[in-house]
Every structure is written in structure tokens, then in C-alpha cells.
**Student:** 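Just dropping this structure here.
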Amino acid sequence: MKEHNIKPVVYLFNSLSRKKGTFEPLQPPHVGMYVCGPTVYGDAHLGHARPAITFDLVYRYLTHLGYKVRYVRNITDVGHLENDADEGEDKIAQKARLEQIEPMEVVQHFTVLYHKNMDQLNVLRPSIEPHASGHVIEQITMVQKILEKGYAYEVNGSVYFDVEKYNRNHHYGVLSGRKIEDLISNTRTLSGQSEKRNNFDFALWKKAEVTHIMRWPSPWGDGFPGWHMECSAMGCKYLGTQFDIHGGGMDLLFPHHESEIAQSTIANGKPPAHYWMHNNMITINGQKMGKSLGNAMSLDDLFTGNHPLLEKAYSPMTIRFFILQAQYRSTLDFSNEALQAAEKGMKKLLVAAAALKHLTPDSSAPSHGVSSIVQSCYTAMNDDFNSPVALAALFDAVRIINAVKDGLSQINIEEHEVLLTLFDDFVFGIMGLLPEDTGREHEVVDGLMQTIIDLRQDARSRKDYATSDKIRDRLQSLHIEIKDGKEGTNWQLK
RNA sequence: GGUCUCGUGGCCGAGUGGCUAGGCAGCGGUCUGCAAAACCGUGUACAGCGGUUCGAAUCCGCUCGAGACCUCCA
């Protein structure tokens with residue numbers, strides 16, 4: 001483990017117990033984490049950013065603490081069952097038919113787009129990113145195991161999980177808090193239902209109709225895997241039959257994760273994950289944002305400002321900061337006002353981070369109590385990854401940095417070092433924020449700006465304010481902000 | 001209908017029994033040729049009603065309101 005003053009005891013909220021508890025990996029220092037990734041049949045939207053950033057934070061923080069994390073996040077490219085007019089048709093296949101192109105072409109297109117957007121958000125790539133389509137054999141094998149154990153039945157080329165039988169000696173509903181009796185009256189009528197023994201049984205393998213494009217051969221004929229199979233099969237393949245953390249959006253709690261638990265428990269003799277973590281939803285006007293609700297905002301829309309709900313474009317880092325300003329288990333309400341507040345707050349933090357590097361420490365300066373800020377950051381993150389509280393602590397440091405920068409206070413060498421480390425670790429390493437103007441032309445621009453600032457300074461010393469104001473106004477119209485301070489003049493892009 | 005969650009100041013958002021969360025916006029001041037930025041100061045916020053307690057935003061009950069899941073979804 002990396003050396004820290006703070007004992008790295010992480011408390012996390014486990015959806016299984018609905019309580020916070022200490023995080024104890026099965027095989028420390030190794031941590032296995034599986035997170036449900038995107039179905040690549042449409043643009044990546046704000047809703048995809050939340051789990052990606054949430055679990056990126058978890059990944060970064062656990063890694064920072066010294067854990068060796070294997071982070072697996074899947075790409076769903078075999079589709080799930082659609083539930084509109086084309087009931088039962090594979091999502092990917094449906095889109096492909098519409099566009100008259102190959103399903104895998106659709107998959108490729110949206111996978112590339114997803115990766116691009118995630119890179120923009122500075123979300124680290126997971127250790128392994130398995131595709132469901134590349135693991136059909138593993139899924140078939142797992143279905144066979146469940147059949148052998150007698151917890152599934154084949155009907156007409158499809159295989160279903162026998163929930164009622166499972167529930168006799170297990171609890172189908174441990175995760176979501178449901179009771180099987182409640183499910184009986186509440187399950188919707190779906191195609192193929194008549195084949196099922198009970199309408200709450202779920203498909204492990206589904207027969208492909210002749211028109212179905214995406215299909216694979218199996219012992220039960222041509223078909224495709226059931227909705228929950230891929231995560232169980234791939235999680236098991238790369239992390240073992242039991243691993244530490246399984247994550248995803250709250251909307252996946254039931255039936256997806258519940259069913260994963262059931263089928264893995266039968267296939268492997270034990271439930272798959274020790275800790276289940278679920279991020280909450282992003283809302284628009286208090287309502288969940290979702291692809292199927294038609295109110296989803298794509299990440300490209302956000303980044304370009306090209307959407308009727310958007311007053312302006314918001315940078316990827318603004319989106320990241322916005323998401324980190326809420327604890328992952330809370331809903332986060334979207335609005336232009338909130339996004340603009342996040343934008344300004346983040347800028348303040350990043351400007352201070354840059355200024356920190358150029359502070360001149362004073363060996364005789366008294367202490368600012370910086371170590372308590374460091375402690376607060378760790379305490380916050382250890383408490384179920386409470387990023388907003390950690391950010392609040394960082395803003396305490398911002399105040400100190402600005403005071404020193406303005407010559408209103410001094411900082412000693414030790415505390416300067418502590419702050420440099422803190423910002424490297426937390427702002428950049430753990431929160432994953434990036435300064436936004438890190439172009440290659442940066443140095444040139446810097447030089448040009450310095451020249452202009454010097455000229456303006458000359459004018460000012462001649463009291464030629466007409467010229468100095470003209471320079472400032474022209475720069476202003478280019479969204480370059482001139483800031484005169486005690487230590488000289490700075491500039492930044494607005 | 002069933003299961004569950006939430007309701008915090010102008011906005012976002014932490015906080016789970018007593019100690020200033022924080023950010024944005026606003027107001028007053030310092031600095032500045034003017035400004036911007038920064039800094040300092042500034043808000044009797046916890047949906048309502050009742051209960052427990054020396055003490056409740058925090059625990060309990062009820063009422064009202066909002067949302068999620070039960071169907072693919074992050």
C-alpha cells in the first residue's frame with residue numbers, strides 16, 4: 001500500500017445490505033470491479049457519463065490507495081430485447097435494418113463515439129472492455145451449466161431461468177427487495193411469455209426468428225443470449241466466480257442485477273459480487289433522463305451547445321466537475337444554471353491549481369493548517385466516495401492559495417509541498433480534472449500574450465490609458481481576460 | 001396497484017441528534033487610473049403538522065409533494 005498518514009479504510013454503501021460498511025477486498029491488494037457498460041446502439045448521452053465518471057472515480061481512488069484494481073466494463077453489442085412495436089427484436093438488429101447497414105457497423109460506429117466522448121471526459125479506459133458478441137461461447141456454456149443443474153428449461157429453441165425453483169432455496173429479490181409473490185401479479189406480458197412456466201422467468205437464450213440478423217448457433221438452434229447473460233459470463237471469465245465490486249446505474253438493479261445474481265449463483269454455486277454499487281440518475285426538470293424518454297442529451301450536444309435546452313456549450317471538464325459535485329447516490333438535476341455554476345467553480349479551482357505552482361514559499365510563514373485539508377479530502381473519499389465534500393475541502397485550499405498569490409498571506413515550504421501533492425493527487429489524479437487550455441501552441445500564445453501585456457504596461461506607465469484600454473477591450477472581445485494584480489498582470493481565456 | 005427513495009437558503013449540493021459544508025448568484029467593503037480577478041465581511045435553509053429528547057434538518061408517526069423500479073434503459 002502507498003504510504004499515507006490517513007489509514008485508508010474505505011466505507012462504501014452496499015446495495016445488497018443497504019448500509020455503509022468497510023470495504024474489504026477478497027484478495028488484497030487486488031480488487032475486481034465489474035461495471036455495466038453501454039449498449040452501443042445510439043449516441044453516448046449525459047446518462048452514460050454518470051456511471052462512467054462515478055466508477056472512474058472509484059477506480060482512480062482505489063488505485064491511488066494502492067489497490068491493484070482490475071476494472072472490467074463491458075460493451076453490449078448483441079442488444080437486448082426491444083419492447084416497442086418490434087417486440088422481441090434485437091435492438092442492434094433493428095437499428096441496422098433501419099439504416100440498411102451491418103449490425104456490427106452500427107456497433108463499431110457508436111463504440112468509437114463512446115470512446116471519444118469518454119476520452120474527452122478524461123474517463124480512464126477500463127482494464128478490460130469485453131464485447132458481449134465476443135463471448136457468446138462463454139454465455140452458451142453458462143446456460144448449459146444452469147440447465148444441467150436443473151434451474152432452466154428449454155422451450156422451442158429458447159432457454160428460460162426457472163425463478164420459482166430458484167426462489168425455493170434462494171431469495172430472488174435479495175438485491176431489489178422484492179418478493180416473488182409481488183412479482184406474480186406485476187409482470188408485463190412479453191412475446192414468448194406463453195413459453196414460460198411463469199411470467200417472471202427470464203430468458204437465458206432466445207431463439208432467433210428468421211428475420212433476426214444477429215444470431216449465433218447454439219445447442220438449441222440459432223439464437224442470441226438473454227439480456228443478463230453477458231455480464232455474468234464475462235464477469236466470471238475475467239474476475240472469477242466471486243469478485244469485489246459490481247457497479248452500474250440504479251435502473252439496472254431490477255431485473256438485470258437481480259437476475260445476474262440468480263443465474264451466477266446457480267452456475268457457480270455462489271453469488272458473484274460482495275459489494276453492489278449503484279449510481280443514481282441524472283434528471284431534467286426532476287424527471288429521469290433517458291434514451292427511451294426522448295429527453296436524453298447527447299454528450300456531443302453538450303460539448304457543442306447544439307440542443308434546444310442548452311444556453312451554451314459546456315466543456316467536458318465542466319460536465320465532469322458537475323457530476324463530481326454531487327455524491328454518486330443522489331439524483332443530479334440538470335439545468336443551465338447549475339452547469340454554469342459548475343463551470344465557474346471549476347475554473348476557480350483550476351486557476352488556483354495553476355497559481356499554486358508559481359507561489360514563492362516563505363520559510364518563516366506560519367501554518368495554515370493545510371494538513372487538516374488533506375485529511376478532510378481522504379475522510380470524504382473514504383466515506384463512500386463523497387466527492388462533493390472533498391471538493392469543498394479543496395476550495396479551502398483555494399482560498400489560501402489566492403491569498404498568498406495576492407500577497408495577502410505567506411505560505412511556508414512544507415505546506416506549499418503538501419498543497420502541491422494534494423492538488424496533484426486529488427484535483428488531477430483522483431477527480432481526474434484537466435486544465436482545459438493545454439494545446440501545443442500554448443507556449444507561443446503565452447509569449448504573444450506576454451508581449452501584448454508588456455506593451456499595455458508601457459502605455460499605462462505613460463498614463464496612455466486610451467491605448468491600454470484599447471488593448472484590453474480588443475482582448476476582451478476575443479474572450480481574453482486581463483487581470484492586473486500586485487505581482488503583475490495575468491490573463492486567461494473566458 | 002406493489003416495492004423503494006427523496007423533499008435543505010435565489011440555484012446546485014453536502015450534512016443522520018448539539019459544533020460555519022462548499023460552489024454559483026446577490027449585497028457591503030478592500031485593491032485598481034477605471035474595470036476584471038482576487039481577498040474580507042454578509043444569509044435566524046432544512047415541505048407541513050404532531051411526537052421522542054435537556055436538545056432534531058438529522059429519530060418516530062401522519063399529511064402533502066416529487067421521483068425511481070416493477071418493461072429495454074446509465
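Each chain gets a letter, A, B and so on, in the order the sequences are listed, and its residues count up from 1. Atom set for the values below is all heavy atoms of this structure, side chains included, hydrogens, waters and symmetry mates excluded. These numbers come from a predicted model, not from an experiment.
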**Student:** When you get a sec, tell me which of B/A36, B/C70, B/C4 is the closest nucleotide to the side chain of A/R178?
**Tutor:**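 Given the options B/A36, B/C70, B/C4, the side chain of A/R178 is closest to B/C70.
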**Student:** Within the 4.0 Å heavy-atom criterion, would you say A/S468 contacts the bases, only the backbone, or no part of the nucleic acid?
**Tutor:**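 If one applies the 4.0 Å heavy-atom cut-off, A/S468 turns out to touch a base.
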**Student:** Give one of base, sugar-phosphate or nothing for A/M250, where a contact means two heavy atoms less than 4.0 Å apart.
**Tutor:**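 If one applies the 4.0 Å heavy-atom cut-off, A/M250 turns out to touch nothing in the nucleic acid.
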**Student:** Do A/D469 and A/R472 sit within salt-bridge range, that is, some charged N less than 4.0 Å from a carboxylate O?
**Tutor:**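 Looking at A/R472 together with A/D469, the answer is yes, because their closest N to O distance falls below 4.0 Å.
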**Student:** Looking at B/C73, B/C11, B/A14, which one has an atom nearest to any side-chain atom of A/E337?
**Tutor:**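 So the side chain of A/E337 is nearest to B/C11.
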**Student:** So which heavy atom on A/L419 is nearest to which on A/A397, and how close?
**Tutor:** CD2-CB, 3.9 Å
**Student:** Provide the distance between the two C1' atoms, one in B/C24 and one in B/A14, to the nearest whole Å.
**Tutor:**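 B/C24 and B/A14 have their C1' atoms separated by 15 Å.
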**Student:** Between B/C49 and B/C31, how far apart are the P atoms? Round to whole Å, please.
**Tutor:** 47 Å
**Student:** Looking at every strand, decide which applies to A/S330 at a 4.0 Å heavy-atom threshold: base, sugar-phosphate, or nothing.
**Tutor:** sugar-phosphate
**Student:** In dot-bracket, 5' to 3', how would RNA chain B read with Watson-Crick or G-U wobble pairs under 3.5 Å, [ ] for crossing ones and | for pairs to another strand?
**Tutor:** ((((((((.[[[)....(...]]].(((((.......)))))....[[[[[..)....]]]]])))))))....
**Student:** Using a 4.0 Å cut-off on heavy atoms, which residues in residues 43-52 of chain A reach RNA chain B? List them by number, or say none.
**Tutor:** A/H45, A/G47, A/H48, A/P51
**Student:** Would you please classify the geometry between the A/Y114 ring and the A/H48 ring as parallel, tilted or perpendicular, with 30° and 60° separating the classes?
**Tutor:**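 Perpendicular: the ring planes of A/H48 and A/Y114 meet at over 60°.
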**Student:** Would you classify A/L349 as touching base, sugar-phosphate or nothing, given that sugar-phosphate means primed atoms plus P, OP1 and OP2, and contacts are heavy atoms under 4.0 Å?
**Tutor:**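 Counting heavy atoms under 4.0 Å across all strands, no contact is made by A/L349.
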**Student:** Between protein and nucleotides 56-61 of chain B, what N or O pairs are separated by less than 3.5 Å?
**Tutor:**
none

**Student:** Say you pick atom P in B/G15 and the same atom in B/A47; how far apart are they, in whole Å?
**Tutor:** 15 Å
**Student:** Rounded to whole angstrom, note down the P distance from B/G10 over to B/C60.
**Tutor:**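 Approximately 27 Å lies between the P atom of B/G10 and that of B/C60.
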**Student:** Could a donor-acceptor pair under 3.5 angstrom be found where the side chain of A/R472 meets the base of B/A36?
**Tutor:**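 No such pair is found, so the answer is no.
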**Student:** In whole Å, measure the gap between the P atoms of B/U58 and B/G48 for me.
**Tutor:** 10 Å
**Student:** Consider the side chain of A/F254, meaning its heavy atoms from C-beta on, and name the nucleotide among B/G33, B/C4, B/C70 that approaches it most closely.
**Tutor:** B/C70
**Student:** Identify, with sequence neighbours excluded, every residue that meets salt bridge (Lys or Arg N to Asp or Glu O under 4.0 Å) alongside A/E343.
**Tutor:**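 Per chain and number, A/E343 pairs via salt bridge (Lys or Arg N to Asp or Glu O under 4.0 Å) with A/K312.
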**Student:** Between A/D473 and A/K470, does any NZ, NE, NH1 or NH2 come within less than 4.0 Å of an OD or OE carboxylate oxygen?
**Tutor:** no
**Student:** So what does A/E343 touch, heavy atoms closer than 4.0 Å: a base, only the sugar-phosphate, or nothing?
**Tutor:**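 It contacts nothing in the nucleic acid.
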**Student:** Using a strict threshold of under 4.0 Å (side-chain N to carboxylate O), is an ion pair present between A/D56 and A/R60?
**Tutor:** yes
**Student:** Checking A/R329 against A/F13: charged group under 6.0 Å from the ring centre and within 45 degrees of the axis?
**Tutor:**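 Checked: cation-pi criterion met.
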**Student:** Check whether any side-chain N or O of A/N386 sits under 4.0 Å from OP1 or OP2 of B/G15, and answer yes or no.
**Tutor:** yes
**Student:** Check nucleotides 20-23 of chain B for protein N or O atoms closer than 3.5 Å to its own N or O atoms and list the pairs.
**Tutor:**
from: B/G23; atom 1: OP1; to: A/R399; atom 2: NH2; distance (Å): 3.3

**Student:** I'd like to check A/S232 versus A/P272 (side-chain heavy atoms, cut-off strictly below 4.5 Å). Are they in contact?
**Tutor:**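 Result no, sub-4.5 Å side-chain heavy-atom pair not found.
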**Student:** Holding to salt bridge (Lys or Arg N to Asp or Glu O under 4.0 Å), I want the full list of residues that pass it with A/D362, two or more places apart in sequence or in another chain.
**Tutor:** none
**Student:** The side chain of A/K483 is closest to which nucleotide in this list: B/C12, B/A37, B/C34?
**Tutor:**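 Given the options B/C12, B/A37, B/C34, the side chain of A/K483 is closest to B/A37.
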**Student:** In whole angstrom, what separates A/L332's CG from B/G67's P?
**Tutor:**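 Going from A/L332 (CG) to B/G67 (P), I get 17 Å.
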**Student:** Between B/A68 and B/C73, how many Å separate the two C1' atoms, rounded to a whole number?
**Tutor:**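 Straight-line distance between the two C1' atoms is 12 Å.
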**Student:** Classify the side chain of A/D469 versus the base of B/A35 as yes if they form a donor-acceptor pair under 3.5 Å and no if they do not.
**Tutor:**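 Such a pair does not exist between side chain and base.
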**Student:** Check the orientation of A/Y166 and A/Y172. Use parallel for under 30°, tilted for 30 to 60°, and perpendicular for over 60°.
**Tutor:**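 If you compare the ring of A/Y166 with that of A/Y172, the planes turn out perpendicular.
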